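Read through the structure below, which is laid out as structure tokens, and then see the notes.
Source: prediction; values computed, not measured.
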Amino acid sequence: MAEVCQVGPFFGFFLGQSRPRSRQAHERAMSAPDPAGGPSLSGPPSAGPQPAASDRLTQIQDCVGKLSELLYTAIGVLQRDAPLVALNNSIPITAWTEEQTKKNEAAVSVLSSEISTDIVQTCKVIDFLIDKLPGVGLTEDEQLDNLAQLERESDLVGDEMERGILEADDACRNQEDHKVHFRHNQLDLMAYDWSQ
């Protein structure tokens, strides 16, 4: 998929390239303790970089998976680090210090900038892959003809495979017959009175 097009730093990581700055920022944001003292936010399980996809549909599915992971992470971090809002003016917010609030705002600003760039680039990759799907530029009749041809080829291959299975079954039966015949001969030889 590297030959497909230039991708963002986060998507480059997905393709097995060097670890990007935005992925590191993502991991820092995800592992940073909640300023309010709660547990850190953990994203969905990630399988790490995957081998190159074998076809366009798999590549599109992988891109959509990465896009959902990016959106999940961005929304989760923004939700976790959102500034606290006082519901009653007579009760002050004391969960975060002013320094923690400023630090959070700076981290969220950097993360949202990087992830938004990666989201846009991932969407561009998806659009590019969709445009490269076979048959996208064909008319409906041409696509139907192409599908009919592929179905005929599939039927031929299926018939050939079925013949191969039947030949293998025959060979197995012949081998079993030979084993039975050999065993009968062996038993006959054992039962033969050699003293005569």
Inset, instruction - Grab the two heavy atoms, one from T58 and one from D55, that are nearest each other, plus how far apart they are. - result: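 Minimum heavy-atom separation between T58 and D55: N-OD1, 2.7 Å.
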Inset, instruction - May I ask you to check whether D177 and H181 show a side-chain donor-acceptor distance below 3.5 Å? - result: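 Result is no, nothing qualifies.
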Legend entry - Side-chain donor-acceptor pair present, N104, T101, cut-off under 3.5 Å: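 T101 and N104 do not have a side-chain donor-acceptor pair below 3.5 Å.
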Would you please name every residue forming a side chain to side chain contact (heavy atoms under 4.5 Å, CB included) with [X], sequence neighbours left out?
X	value
S112	none
Q143	L138
T139	D141, E142

Applying side chain to side chain donor-acceptor pair (under 3.5 Å), name anything that partners [X], two or more places apart in sequence or on another chain.
X	result
S109	none
E153	Q149
H178	none
Q186	R183

If I take atom [atom1] from residue [X] and atom [atom2] from residue [Y], how far apart are they, to the nearest 0.5 angstrom?
X	Y	atom1	atom2	answer
L78	L111	CG	CG	7.0 Å
E69	I119	CD	CD1	11.0 Å
E98	Q100	CD	CD	10.5 Å
L70	Q121	CG	CD	10.5 Å
C63	K124	SG	NZ	14.0 Å

Inset, instruction - Give me the other members of the hydrophobic cluster that M161 sits in, counting Ile, Leu, Val, Met, Phe, Trp and Tyr linked by side-chain heavy atoms under 4.5 Å, directly or via other members. - result: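 Its cluster partners, ordered by chain and number, are I165.
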Inset, instruction - Output the rest of the hydrophobic cluster of V120: all Ile, Leu, Val, Met, Phe, Trp and Tyr residues reachable through side-chain heavy-atom contacts under 4.5 Å, sorted by chain and number. - result: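 None; V120 is a cluster of one.
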Inset, instruction - Under the salt bridge (Lys or Arg N to Asp or Glu O under 4.0 Å) rule, collect the residues that match up with E167, sequence neighbours excluded. - result: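 In terms of salt bridge (Lys or Arg N to Asp or Glu O under 4.0 Å), with neighbours along the sequence ignored, E167 is linked to no residue.
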Inset, instruction - Tell me, please, which residues at least two apart from R173 pass salt bridge (Lys or Arg N to Asp or Glu O under 4.0 Å). - result: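 Salt bridge (Lys or Arg N to Asp or Glu O under 4.0 Å) check on R173 returns D170.
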Inset, instruction - Dump the intermediate steps for side-chain contact (heavy atoms from CB on, under 4.5 Å) on K102 and E99, then the final yes or no. - result: CA-CA 5 Å; K102 288 180 182 177; E99 181 182 316; 6.0 Å; no
Validation: residues 125-133 side-chain donor-acceptor distances under 3.5 Å, sequence neighbours left out:
none

Legend entry - More than 12 heavy atoms of other groups within 6.0 Å of L87 CG: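 At most 12 heavy atoms, drawn from other residues, nucleotides or ligands, come within 6.0 Å of this atom.
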Inset, instruction - Please check if atom CG in N89 has more than 12 non-hydrogen atoms from other residues, nucleotides or ligands closer than 6.0 Å. - result: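 Count not over threshold, so no.
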Legend entry - 4.5 Å side-chain heavy-atom contact, D62 and K66: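 Not in contact.
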